[in-house]
Number of protein chains: 2
Amino acid sequence: MKTPDPPTAEPCPVARALDVVGDRWSLLILRDAFDGVRRFGEFQRSLGIARNILADRLRKLVEQQVLEVLPASDGSAYEEYGLTDKGAALFRVIVGLRQWGEDHLFAQGEAHSVLVEKKSGAPVGRMELRGRNGRALQAADTVVKK
Amino acid sequence: MKTPDPPTAEPCPVARALDVVGDRWSLLILRDAFDGVRRFGEFQRSLGIARNILADRLRKLVEQQVLEVLPASDGSAYEEYGLTDKGAALFRVIVGLRQWGEDHLFAQGEAHSVLVEKKSGAPVGRMELRGRNGRALQAADTVVKK
DNA sequence: CCGTATCCATTCCGATACTG
DNA sequence: CAGTATCGGAATGGATACGG
């Protein structure tokens, strides 16, 4: 049995976020969505995910209004899955994972894909949380106030 | 049996990051670690996680050098789990989840904890990915280059 | 207090077969 | 092509009991 979920009652924003996107497949689906993937079969092939699991995750993400079902961009009879504004706002989470992975999970000189600015074609810089003075904040510079 | 893992062979930094921290409990453990939690029992009570699962996740995070086992800060005979530099760099991921949760998963006026700058006591601003011109980049402003 | 070991239920996931 | 249905194995997770 499943409760109706008034978001989730979790008081912590991190925990609540994880209730929605806190599993491996959902985040990989989001990554693909940011890369322009929109069709069921495209996700399936790109991820190598089982079809039933993919259908389940897509349904949940649509329920949570992270993705939305769109009529179809080309003439085909099928539907597509697009990011809502709420889903697009997860960009920073995906970028955070990407930059951490780049920094700490690749060997010296090992190749990986790069996020670049469309206009300039230049790689984007490090995403930072900035304080009042404009300087980057580290974890130790902050504290969670209840 | 477990292969030694040359990180994971995954070419995508996001996927590789998710191989290390891509499950709910690991990310909640990290959240707590950023909040200053260090002891086994503290994690256990804070999260309500089963002890065997917690032990498993802690072991994996230590293996991945996200956490490290420390001798003990107070006089007690036991060990503590602290963030390594690699682990501390996940700050942006946790902040990304937190800010997304705050923005999209709480009702109007619903209370939640807030991340504040220690020095000023002021809430931190929105974390942003910035382009060459210093302006915040949206997902649509970027593209992944293989 | 810290952790391991064991048991059991539930969930996750992949493979396959099936329907519009 | 897009999904649903089902099956079986693996992993997850909670509870409890046990030892350092």
Side-chain angles (χ1 to χ4, degrees), chain A residues 1-3 5 8-10 15 18-33 36-64 66-82, chain B residues 1-3 5 8-10 15 18-33 36-64 66-82:
Chain A
M1 213 12 169
K2 186 85 171 20
T3 65
D5 291 333
T8 52
E10 286 276 10
L18 290 175
D19 280 341
V20 178
V21 294
D23 77 281
R24 179 176 173 71
W25 284 131
S26 294
L27 287 166
L28 286 174
I29 288 169
L30 267 317
R31 177 204 61 178
D32 273 12
V37 173
R38 291 169 164 259
R39 299 283 286 255
F40 187 94
E42 249 186 310
F43 284 111
Q44 206 265 318
R45 280 188 308 279
S46 165
L47 298 173
I49 186 178
R51 307 173 73 92
N52 53 348
I53 302 296
L54 175 59
D56 176 74
R57 293 300 189 282
L58 288 174
R59 180 169 31 243
K60 284 176 179 165
L61 290 171
V62 170
E63 272 172 18
Q64 297 291 333
V66 170
L67 298 180
E68 61 187 338
V69 178
L70 300 171
S73 63
D74 55 355
S76 81
Y78 299 102
E79 293 166 326
E80 300 186 345
Y81 299 88
Chain B
M1 210 19 172
K2 188 82 172 20
T3 65
D5 290 335
T8 52
E10 287 275 9
L18 290 174
D19 279 341
V20 179
V21 295
D23 78 280
R24 178 177 173 70
W25 284 131
S26 295
L27 287 166
L28 286 174
I29 288 168
L30 267 317
R31 177 204 61 178
D32 273 12
V37 174
R38 290 169 164 262
R39 299 283 286 258
F40 187 94
E42 250 185 309
F43 283 113
Q44 206 266 315
R45 280 189 307 280
S46 164
L47 298 173
I49 185 177
R51 306 173 74 92
N52 53 348
I53 302 295
L54 175 58
D56 175 74
R57 292 299 190 283
L58 288 174
R59 180 169 31 245
K60 285 177 180 165
L61 290 171
V62 169
E63 273 173 16
Q64 298 290 334
V66 170
L67 298 180
E68 62 188 336
V69 178
L70 301 171
S73 63
D74 56 355
S76 81
Y78 300 102
E79 294 165 325
E80 301 186 346
Y81 299 88

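Below, chains carry the letters A, B, ... as their sequence lines are ordered, and counting in each starts from 1. Computed from a predicted model, the values in this text were never measured in an experiment.
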Subject >> Residues forming a salt bridge (charged side-chain N to carboxylate O under 4.0 Å, His left out) with A:Asp23, sequence neighbours excluded >> reply: A:Arg57

**OP:** Evaluate the side-chain proximity of A:Leu61 to A:Leu30: yes if any heavy-atom separation is below 4.5 Å, no if none is.
**Re:** yes

I'd like a table of atom pairs between the protein and nucleotides 12-15 of chain D - only N or O on both sides, under 3.5 Å - with the distance next to each one.
| residue | atom | partner | partner atom | Å |
| --- | --- | --- | --- | --- |
| D:dG13 | OP1 | B:Trp25 | NE1 | 3.4 |
| D:dG13 | OP2 | B:Arg57 | NH2 | 2.4 |
| D:dG14 | OP2 | B:Ala50 | N | 3.3 |
| D:dG14 | O6 | B:Asn52 | ND2 | 2.8 |
| D:dA15 | N6 | B:Asn52 | ND2 | 2.9 |

**OP:** Measure the CG-OH distance between A:Leu67 and A:Tyr81 for me, rounded to the nearest 0.5 Å.
**Re:** 9.0 Å

Original post:
C:dC2 phosphate, OP1 or OP2: any side-chain N/O from B:Tyr81 under 4.0 angstrom?
Top reply: no

Original post:
Hey, are the side chains of A:Leu70 and A:Arg38 touching, using non-hydrogen atoms and a 4.5 Å cut-off?
Top reply: yes

Subject >> Nearest-angstrom distance from the residue atom CD1 of A:Ile29 to P of C:dC12 >> reply: 13 Å

**OP:** Nearest whole angstrom, please: distance from the P of C:dC12 to the CG of A:Leu47.
**Re:** 17 Å

Subject >> Euclidean distance, atom CZ of residue A:Arg59 to atom P of D:dA2 [Å, nearest integer] >> reply: 16 Å

Original post:
With a 4.5 Å limit on heavy-atom distance, are the side chains of A:Leu54 and A:Ile29 in contact?
Top reply: yes

**OP:** Rounded to the nearest 0.5 Å, what's the gap from CD on B:Glu42 to CG on B:Leu47? Could you check?
**Re:** 10.5 Å

**OP:** Looking only at non-hydrogen atoms, find the nearest pair between B:Leu27 and B:Val21 and report the distance.
**Re:** CG-O, 3.1 Å

Original post:
Rounded to the nearest Å, what distance is computed from the CZ atom of residue B:Arg38 to the P atom of nucleotide C:dC1?
Top reply: 19 Å

Subject >> Contact check, side chains of A:Asp19 and B:Arg24, non-hydrogen atoms, under 4.5 Å >> reply: yes

Original post:
Which whole-number value in Å describes the distance from A:Leu54 CG to C:dG14 C1'?
Top reply: 13 Å

Original post:
Given the rule that a pair is Watson-Crick or G-U wobble with both distances under 3.5 Å, how would you write DNA chain D in dot-bracket, using | for pairs to a different strand?
Top reply: ||||||||||||||||||..

**OP:** Measure across A:Glu80 and A:Arg39 and return the closest heavy-atom pair with its distance rounded to 0.1 Å.
**Re:** CG-CD, 3.6 Å

Original post:
CD of B:Glu80 versus P of C:dC2: gap in Å, rounded?
Top reply: 9 Å

**OP:** Send over the distance from A:Glu42 CD to D:dA2 C1', rounded to a whole Å.
**Re:** 13 Å

Original post:
Can you check the A:Glu79 CD to D:dA2 C1' distance for me, whole Å?
Top reply: 9 Å

